[in-house]
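Written below as structure tokens is the structure these notes are about.
Owing to the predicted nature of the structure, the values given are computational and were not obtained by experimental measurement.
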Amino acid sequence: MPEQPAQNHRDVDALLVAVEHELSRIAKQKRAAKQERRRLRRARRAEQARTLVRVGRPVLRAGLMFIASAAFLVGIVFLVLDIGDIRLFFELAAAACGIAAAMPSGK
């Protein structure tokens, strides 16, 4: 016996409603996945920046102290030999030492 057209029409309508519901659920999942991906990217970039600062800070402090020591030594040598304006080297040494001391240790 052939199916009733009205019954067939109701089945198709129910199937269309189910498909539309499934498509909207999939779209919501896609949006949630994109948001999570953005959140994870931001977190990864923030962690990379923190790692770079954590690694670079001691190197920068050591470099500043080396510059301060070298400027102080050159200032002493110029003072002993009575050459030029030695105040510049002592100011450079003091500035480098001050900046290195003002930097947070990160511990």
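- Note on residues 85-100: pairs passing side chain to side chain donor-acceptor pair (under 3.5 Å), not counting sequence neighbours, are Arg87-Glu91.
- Within the model, atoms CG of Leu60 and CD1 of Ile99 stand 8.5 Å from one another, a figure rounded to the nearest 0.5 Å.
- A centroid separation of less than 6.0 Å is found between the aromatic rings of Phe72 and Phe90.
- With values rounded to the nearest 0.5 angstrom, His21 atom NE2 is found 10.5 Å from Ile26 atom CD1.
- Between the CG atom in Leu15 and the CD atom in Glu20 there is a gap of 10.0 Å [rounded to 0.5 Å].
- We find that Glu47 and Arg44 are not joined by a salt bridge, their nearest charged nitrogen and carboxylate oxygen being 4.0 Å or further apart.
- Residue Glu36 forms a salt bridge (charged side-chain N to carboxylate O under 4.0 Å, His left out) with just one option from Lys34, Arg38, Arg39, and that option is Arg39.
- Summarising the geometry of Ala100 relative to Arg61, their closest heavy-atom pair is O-NE, 3.3 Å, with the distance given to 0.1 Å.
- Between atom CZ of residue Phe78 and atom CD1 of residue Ile83 there is a gap of 5.5 Å, rounded to the nearest 0.5 Å.
- Note that the SG atom of Cys97 and the CG atom of Leu92 stand 10.0 Å from one another [nearest 0.5 Å].
- In terms of heavy atoms, Ala96 sits closest to Ala68 at CB-CB, 3.8 Å.
- In summary, of the residues considered (Leu79, Val74, Ile76, Val77), a side chain to side chain contact (heavy atoms under 4.5 Å, CB included) with Phe89 occurs for Val74 alone.
- In the hydrophobic clustering of this structure, Ile86 groups with Leu81; members are Ile, Leu, Val, Met, Phe, Trp, Tyr whose side-chain heavy atoms approach within less than 4.5 Å, directly or through other members.
- Here the straight-line distance linking atom CD of Gln29 with atom CZ of Arg31 works out to 10.5 Å at 0.5 Å rounding.
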